[in-house]
2 protein chains.
Amino acid sequence: MTPSTETPKLTKNQTLVYKALKSAEEPLSAYSILDQLRDDGFRAPLQVYRALDKLIEFGLIHRLESINSFVACRHPDCGTHEMVAFAICESCNRVIEITDDAMASNLASLARDNGFSVSRSTIELRGLCDACRVH
Amino acid sequence: MTPSTETPKLTKNQTLVYKALKSAEEPLSAYSILDQLRDDGFRAPLQVYRALDKLIEFGLIHRLESINSFVACRHPDCGTHEMVAFAICESCNRVIEITDDAMASNLASLARDNGFSVSRSTIELRGLCDACRVH
DNA sequence: CTCCAAAACGTTATGTTATTACATCCGTTG
DNA sequence: CAACGGATGTAATAACATAACGTTTTGGAG
């Protein structure tokens, strides 16, 4: 799912969901977004999931498979990269977005050597960010 | 979650779950394992999840986060590697397990450069295996 | 401006994945 | 045998996600 090159105007629901994610320090689950947006008229999970799907399509947010959560993209040019890795701190839950084209091509060619042609990747690292590692 | 170096004797439930995964061509979800094992006396999800947890702990199976499923480890010495990547074919659903120590250390040091210390990784690639790519 | 089609939306219901809580069983060890 | 820890059985519930259906909004084409 390559993000669109252009970012269309967001709808009301999409804007609300995007703002919730942008202002969060940590990844949010769909249901926690739903809870946050009750006062804005959200009543059902599907309202959130639909907005999330679109935001992902636009390349504005990412889904973190390993924790069933979503983060706003902090990486301005992330649509221009093949692969993005996410480093998720197990202490503060903050996420660092990492792109590295050399790594991406290494990983793709490693896969090719193993008889596989990559179209999409999920790379999620768990551990501690420096701030948390110091205590 | 580093796998134990020794593999203890498996219990009855663990054996049943492990066999189901070993004999499957594709990753299985916990609930599809449950369905397969009804005749063996399985009645509740927890029976499956408990066995899965132990098998993961022993390093005998892997969890695929991006598809909420589990596979038996086909990689004899996978406990000796820091990182394992999984290539999941979107056509036949089969999984190729890839380990590469150079890649692992590159990725770890890339993370370190970004202020992060990795303890555990999830790397799941989607695409097509050669067999399916040919049609 | 009007009409149409596509997209977005609201709502209910349901499907799927995973865990909590609690009682019981079973083998090992002292 | 008694005590303990690990494994088990069962019910209930929590958490995550989608199907189906009807209505509303939006943005062109004429």
Side-chain angles (χ1 to χ4, degrees), chain A residues 1 3-4 6-21 24 26-58 60-71 88 93 122 124 126, chain B residues 1 3-4 6-21 24 26-58 60-71 88 93 122 124 126:
Chain A
M1 180 113 35
S4 315
E6 50 177 326
T7 301
K9 189 175 175 308
L10 299 183
T11 67
K12 177 164 160 289
N13 284 5
Q14 287 160 15
T15 303
L16 286 165
V17 170
Y18 187 45
K19 276 189 188 165
L21 285 172
E26 318 174 5
L28 300 178
S29 73
Y31 277 72
S32 75
I33 295 171
L34 175 57
D35 287 341
Q36 284 190 26
L37 297 180
R38 297 264 180 215
D39 294 343
D40 297 291
F42 275 54
R43 316 296 303 277
L46 208 49
Q47 296 175 286
V48 177
Y49 282 108
R50 286 202 273 231
L52 289 170
D53 285 348
K54 282 299 177 185
L55 293 169
I56 289 169
E57 191 183 322
F58 301 154
L60 294 175
I61 68 171
H62 300 287
R63 175 187 188 117
L64 299 176
E65 311 273 8
S66 65
I67 54 173
N68 295 317
S69 295
F70 304 83
V71 276
I88 307 167
N93 296 318
T122 296
E124 298 176 16
R126 312 302 298 272
Chain B
M1 181 107 42
S4 316
E6 50 176 326
T7 300
K9 190 176 174 305
L10 299 183
T11 67
K12 178 165 159 289
N13 285 4
Q14 288 160 15
T15 303
L16 286 165
V17 170
Y18 187 46
K19 276 188 188 166
L21 286 171
E26 319 175 4
L28 300 177
S29 73
Y31 278 76
S32 75
I33 295 170
L34 175 58
D35 287 341
Q36 284 190 25
L37 297 180
R38 297 264 179 213
D39 294 344
D40 297 290
F42 275 55
R43 315 297 303 276
L46 205 49
Q47 296 176 287
V48 178
Y49 282 108
R50 287 202 274 229
L52 289 170
D53 285 347
K54 282 299 177 186
L55 292 168
I56 289 169
E57 192 184 321
F58 301 153
L60 294 175
I61 68 171
H62 300 287
R63 175 189 187 113
L64 299 176
E65 311 273 7
S66 65
I67 54 173
N68 296 316
S69 295
F70 304 82
V71 275
I88 307 167
N93 296 319
T122 297
E124 298 176 16
R126 312 301 300 271

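We name chains A, B, ... by the order of the sequence lines, and we start the count at 1 in each one. Note that this is a predicted model, so its numbers are computed, not measured. Note that these values count all heavy atoms, side chains included, but never hydrogens, waters or copies made by symmetry.
One atom, CD1 of A/Ile67, and another, C1' of C/dT17, lie 17 Å apart when rounded to the nearest Å. Nucleotide D/dG6 holds its P atom 12 Å from the CZ atom of B/Phe58, rounded to whole Å. Put simply, CG on A/Asn13 is 14 Å from C1' on D/dT26, counting in whole angstrom units. Atom-to-atom, CG of B/Leu37 to P of D/dT8 comes out at 13 Å; the value is rounded to the nearest Å. The distance between atom CG of B/Leu28 and atom C1' of C/dT16, rounded to the nearest whole Å, is 15 Å. Regarding B/Arg38, its CZ atom lies at a distance of 12 Å from the P atom of D/dT10, rounded to whole Å. A/Lys9 places its NZ atom 8 Å from the P atom of D/dG27, with the value rounded to the nearest Å. Look at CZ on B/Arg63: it is 10 Å from P on C/dT17, rounded to the nearest Å.
With sequence neighbours excluded, the residues satisfying side-chain hydrogen bond (donor to acceptor under 3.5 Å, both in side chains) with A/Ser66 are A/Glu124. Residues passing the salt bridge (charged side-chain N to carboxylate O under 4.0 Å, His left out) test with B/Asp35 are B/Arg38, sequence neighbours excluded. Every residue was checked against the salt bridge (charged side-chain N to carboxylate O under 4.0 Å, His left out) condition with B/Arg50, not counting sequence neighbours, and none meets it. The side chain to side chain contact (heavy atoms under 4.5 Å, CB included) search around B/Gln36 returns B/Ala20, B/Leu28, not counting sequence neighbours.
Regarding contacts with the backbone of D/dA7, every side-chain N or O of B/Lys12 stays at 4.0 angstrom or more from both OP1 and OP2. Distances shorter than 4.0 Å separate some side-chain N or O of A/Thr11 from OP1 or OP2 on C/dC9. Regarding contacts with the backbone of D/dA17, a side-chain N or O of A/Asn68 is found under 4.0 angstrom from either OP1 or OP2.
Minimum atom distance to the side chain of A/Phe70 is reached by D/dA17, of the listed D/dA17, D/dT8, D/dC16.
With hydrogens and angles ignored, no donor-acceptor pair under 3.5 angstrom links the side chain of A/Tyr31 to the base of D/dA14.
Pairing each heavy atom of B/Ala30 with each of B/Val48, the nearest pair is O-CG1, 3.6 Å.
Remark: B/Arg43, B/Ala44, B/Leu46, B/Gln47, B/Arg50 in residues 41-53 of chain B come within less than 4.0 Å of DNA chain D through at least one heavy atom.
The overall bend of the helix from C/dC1-D/dG30 to C/dG30-D/dC1, read as the angle between its terminal helix axes built from five base pairs each, is 30° when rounded to 10 degrees.
Within the model, atoms CG of B/Leu64 and CD1 of B/Ile67 stand 4.5 Å from one another, a figure rounded to the nearest 0.5 Å. In this structure, NZ in B/Lys19 is found 10.0 Å from CG in B/Leu10, a value given to the nearest 0.5 Å. Atom CD1 of residue A/Ile61 and atom OG of residue A/Ser69 lie 11.0 Å apart, to the nearest 0.5 angstrom. Expressed to the nearest 0.5 Å, how far CG of B/Asp40 lies from CG of B/Leu34 amounts to 11.0 Å.
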